[in-house]
Amino acid sequence: MEAGRFVVETPQIQRLQRRHFILFNVLPLLLIIATPLYWDWLYHGGFEIALFATMWLLTSLGITVGFHRLFTHRSFQVAPSVQIALAVLGSMAAQGGITSWVAIHRLHHEKSDTESDLHSPNLHGEGFANRLRGLLHSHVLWMRRHPYPNVVRFAPDLLRSRHLRSINRNYLNIVWIGLLLPTAAGFAYHGDLSGALSGLFWGGVLRLFVLEHIIWSINSFLHVFGNRTYETRDSSRNVGVLGLITLGESWHNNHHRFANSPSFGLKWHNLDPGYWLIKGLEALGLATDLRMPDPAQVEARRALPSTSAHL
Ligand SMILES: [Zn+2]
Ligand SMILES: [Zn+2]
């Protein structure tokens, strides 16, 4: 791929995008909708809830701390072993290989809410129907088929890392392992096929579904609804109350203003579990060089009216 090209589109890439969309976006949705058909066969007790919560938390941290704050924005440094762990956990979230995830997100920051942004909700015109179309596009539909950012231009640092190249190449295998692990745990706990299927459902299918909609909501709803603490050239917004469930990602306006900060909440009282993990790693000597923003700039917030775009 030539470094000068911005995006590429080939029939082969489009086939891969379509296959990925059907496997990891459409199929989990259909399986969730069909839950009443097989709900009675599944175990659903404390073990299943714990399995779901554990797999969701680990893979979500892989996305926000690994794919996003470490690999896309390089907001801190870690030892190679921690890099590998975060890259593998993020890959299990089935949101694309690490190289394309990083390239697409760097493109988002460079071109937020312009025609080159692959998932802006704000380019479909005014009026209820158009705003809704924009939200649907940015939430999920853009993934069916889209121009692919040139990874040589957007992610050369990842291409230089042997470990990350290998993890990227084995992306699909890692996704399958992420589904196999809870299946094996369910079988080990209950000792029967129903236990295995329950493990696959709670720690695999439901976990994927919940995680992906939370992450996609950052792309869609948080470029439309919420507060704009800082003036940015995009429409990013904060919804602090979602800080816990998004592991800090819902401070999206803060993030667009201080993209290289490991902290998205920016203030100690703003819920940001992703940052708490980074501080924990720092305390253990496993994370260094946290690129904290200048406190004076953080304070120089321009209070904008608390607005939400109208649907
Ligand atoms: Zn954004
Ligand atoms: Zn970002």
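Read the numbers this way: they start at 1 and go in the same order the structure lists the ligands and their atoms. We count residues from 1, following the sequence as given.
Side-chain rings of His73 and Phe264 stay apart, their centers remaining 6.0 Å or farther from each other. With ring centers used as reference points, His256 lies under 6.0 Å from His223.
Around the Zn ion (ligand 1), the protein atoms of type N, O or S that sit closer than 2.8 Å are His108 NE2, His223 NE2, His252 NE2, His256 NE2.
For the pair NE2 of His105 and NE2 of His68, the angle at the Zn ion (ligand 2) is about 80°; rounding is to 10 degrees.
Under the side chain to side chain donor-acceptor pair (under 3.5 Å) criterion, His119 pairs with no residue at all, not counting sequence neighbours. Taking Ser60 as the reference, Trp56 meet the side chain to side chain donor-acceptor pair (under 3.5 Å) condition, with sequence neighbours excluded.
Hydrophobic clustering (ILVMFWY, side-chain heavy atoms < 4.5 Å, transitive): Trp101 and Leu159 are in distinct clusters.
Other cluster members for Leu51: Phe47, Tyr189, joined by side-chain heavy-atom distances under 4.5 Å among Ile, Leu, Val, Met, Phe, Trp and Tyr.
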